[in-house]
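In the text below, chain A, chain B and the rest are named by the order of the sequence lines, each starting its count at 1.
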Amino acid sequence: MAALLGARRALGLCLSGRRRLSQLAELPETHQLLRQTCRDFADRELTPIAGKLDKEHTYPAKQIQQLGAMGVMAIEVPEELGGAGMDYLAYSLAMEEISRGCASTGVVVSVNNSLYIGPILKNGTEEQKKKWITPFTTGEKVGCFCLSEPGNGSDAGAASTVARQDGDEWVLNGTKAWITNSWDASAALVFATTDKKLKHKGISAFLIPMPHPGLSLGKKEDKLGIRASSTANVILEDCRIPLGNMLGPRGAGFKIAMQTLDSGRIGVAAQALGIAQASLDCAADYAHKRTAFGAPIGKLQAIQFKLADMAVAVESARLLIWKASLLRDSGKPFTKEAAMAKLAASETATFCSHQAIQVLGGMGYVADMPAERHYRDARITEIYEGTSEIQRLVIAGQVLKEYQP
Amino acid sequence: MSGRVLVGVKRVIDYAVKIRVKPDNTGVVTDGVKHSMNPFCEIAVEEAVKLKEKKFIKEVVAVSCGPQQAQETIRTALAMGADRGIHVEVTGKDYEAMGPLQVSKIMAALAKKEDAQLIILGKQAIDDDCNQTGQMTAALLDWPQGTFASEVSLEGDKVKVVREIDGGLETIRINTPAVLTADLRLNTPRYATLPNIMKAKKKKIAKVNPADLGLDMTSRLEVVRVDEPPQRLAGVKVETVEDLVSKLREQGTL
């Protein structure tokens, strides 16, 4: 009896969010309209140029501005600050549809929304929000997030970039690696150690405009995928910024970074989902059109099983993403669900893009079809914003906590 | 002048969908098929919203005729910038039989009720390709019409319309109130912005019945049969021009 009541209470807690999970069968009307709008945009403006953007490593400046005008570059930002004032579910839907058209454009949108604006919205003063968020809502300017270093990725607590106070300025020295949007950004959120003895509790967050004396960029990395977005080192050499450029309290940097990544991973999960969906679209379409042994290959069980597995993987990842988003929107803990969503979606992206090439056969291996680009784009989703291995540690940590005797 | 513009928006099967004829040949399959706003209606909405932004008109009212789902189409128009909507509820057999004559009667009645200064419609719908509603509406109201508009400018109480016609472009100047129909090159419809999608939720959609407007929805047309276009047959390769001519003669084409 007690167990039943306990279970019902747990279910109630889970469903008492603003939107019930049972309503997920159909999204609210506003969200349906948003999804359709983003899909139309992706179909008309992104899909036709995605191959070219990838080939020429071109930053989609015009498309980012169009997305800015639509409010997609600052979805959660309140309207008074220039954003769209919508929720995280809306953000996940937008990210999926944009990434389905072009994964590179998706990552630019994701970094600006979750990794740059997100922490400032949560931790910034009113003045900081106006200065560092509002100009970055229109698509004219984007931001970047500088946590990883050549010496540490997963080991974020071991930051070796330092910040020391010199009068009324902070002076930063060090190198940040793998920074998305670096070459196109107008501001950077940089994590540096202010008190080495405190280890990860001695890391603080700083806002640096770009360009800025003392901040330089390394060469653009020649990546396997998401090539239309720039990735490079950000090098700080006696980079001086006013004291007011610290974000949040001194020593709060690690906490800010971890909280930011918690949310950010839902955005990346949605990006991976978009890539997976695009792969499924490609494979299913081909299965209808390509004939072999006298019939469309969709009639063959080998192909059917692949499509079924892809479809299940995509839908599972989608529901995990929606659940994580709904929990976050309801103000409930969502760390475990976000990690699950990111893990599932990224592994789904690599699985689906792999299978899509298999369904397309030789055609999957050449640039005439988008399958090879999805394969290359998908791979990074298992690495950035927390590797699949880190996600497993996060999930296990939460699971073990739940079963703590 | 009221400064009010009525824009008709029609819910049609999405342009990208492959149309299938129902097995009983009475029509096409619409159940579970993706629908969206008629592309020419999108252009009409965009033009109306632009006129409002330039302060030539004060209010854009989106009108759609059909079952409950027509409200989705109106909501899209609201997200693009229309101020309010009117859903004229037409269902069942009446909806199946609804054509340009019925819609133009509705538009004419609403135009009088709302004291509209302009009616902007798409030049035609992509499902029936009728290209009649605008013209019929103008005739019922005895208003001037500027159809196939590729450029519209309001000049006091007149409208200058550049029309796309077979011979090229024709520029006319007509009095308001007037009916305009939008052609492809009139504008490029905007994507709804997220804040506008949120605001659209709060904008009002009034529901009316054709009976409330005192209208008879009986159709003068009966659809006898709907068939798919004939399958395109394979061609035949010939060696010489003489062969080509003799084959064409054989076929009766020449």
Side-chain angles (χ1 to χ4, degrees), chain A residues 26-48 62-95 97-98 101 109 113 137-139 281 284-285 288-289, chain B residues 9 11-18 20 32-43 45-46 49-50 53 62 64 67-82 85 87 126 184 187-205 207 234:
Chain A
E26 208 173 77
L27 292 166
E29 210 190 327
T30 345
H31 289 72
Q32 285 186 41
L33 193 45
L34 160 77
R35 196 182 194 191
Q36 193 54 53
T37 305
C38 290
R39 182 172 295 191
D40 286 341
F41 181 84
D43 286 342
R44 292 176 206 165
E45 310 286 340
L46 296 176
T47 308
K62 172 163 176 249
Q63 289 69 28
I64 292 294
Q65 289 216 2
Q66 284 175 290
L67 287 167
M70 286 161 73
V72 173
M73 295 306 284
I75 293 183
E76 264 199 308
V77 175
E79 279 192 68
E80 318 86 71
L81 288 170
M86 292 186 91
D87 56 22
Y88 221 74
L89 181 61
Y91 173 53
S92 305
L93 294 167
M95 274 301 302
E97 297 301 332
I98 303 288
V109 173
N113 267 284
T137 60
T138 61
D281 294 345
D285 186 62
H288 273 300
K289 293 185 175 144
Chain B
V9 292
R11 181 173 180 264
V12 297
I13 295 178
D14 188 80
Y15 76 89
V17 168
K18 184 166 195 298
R20 270 172 233 291
V33 167
K34 183 176 174 206
H35 284 66
S36 35
M37 191 191 291
N38 181 39
F40 294 105
C41 297
E42 277 183 21
I43 298 175
V45 174
E46 174 66 23
V49 174
K50 272 166 82 157
E53 284 171 347
S64 194
Q68 185 60 23
Q69 296 96 314
Q71 292 209 7
E72 289 164 21
T73 313
I74 298 176
R75 203 63 77 186
T76 308
L78 295 175
M80 282 173 74
H87 168 212
I126 59 171
L184 190 64
N187 59 51
T188 307
R190 64 194 63 194
Y191 292 102
T193 66
L194 272 50
N196 278 342
I197 291 175
M198 292 284 280
K199 288 195 186 104
K201 220 174 19 176
K202 299 189 193 117
K203 292 179 182 171
K204 293 213 180 318
I205 300 180
K207 194 148 106 171

| message | Would you say NZ of K289(A) has more than 12 non-hydrogen atoms from neighbouring residues, nucleotides or ligands within 6.0 angstrom? | response | no

| request: Answer whether the closest heavy-atom distance between the side chains of E79(A) and K199(B) falls below 4.5 Å. | output: yes

| task | Measure the CG-CE distance between L194(B) and M73(A) for me, rounded to the nearest 0.5 Å. | result | 12.5 Å

| remark: Residue set satisfying side-chain hydrogen bond (donor to acceptor under 3.5 Å, both in side chains) with E42(B), at least two apart, ordered chain then number -> none

| query | To the nearest 0.5 Å, how far apart are OG1 in T193(B) and CG in L67(A)? | reply | 12.5 Å

| Contact summary for M70(A) and P195(B), nearest pair of heavy atoms | O-CD, 3.8 Å

| note | Applying a strict 4.5 Å limit to non-hydrogen atoms, the region of R190(B) in contact with chain A is neither

| query | Are K201(B) and E29(A) side-chain neighbours, meaning at least one heavy-atom pair lies under 4.5 Å? | reply | no

| Contact summary for T37(A) and A192(B), nearest pair of heavy atoms | CG2-O, 3.4 Å

| Who are the side-chain hydrogen bond (donor to acceptor under 3.5 Å, both in side chains) partners of D40(A), not counting sequence neighbours? | Q36(A)

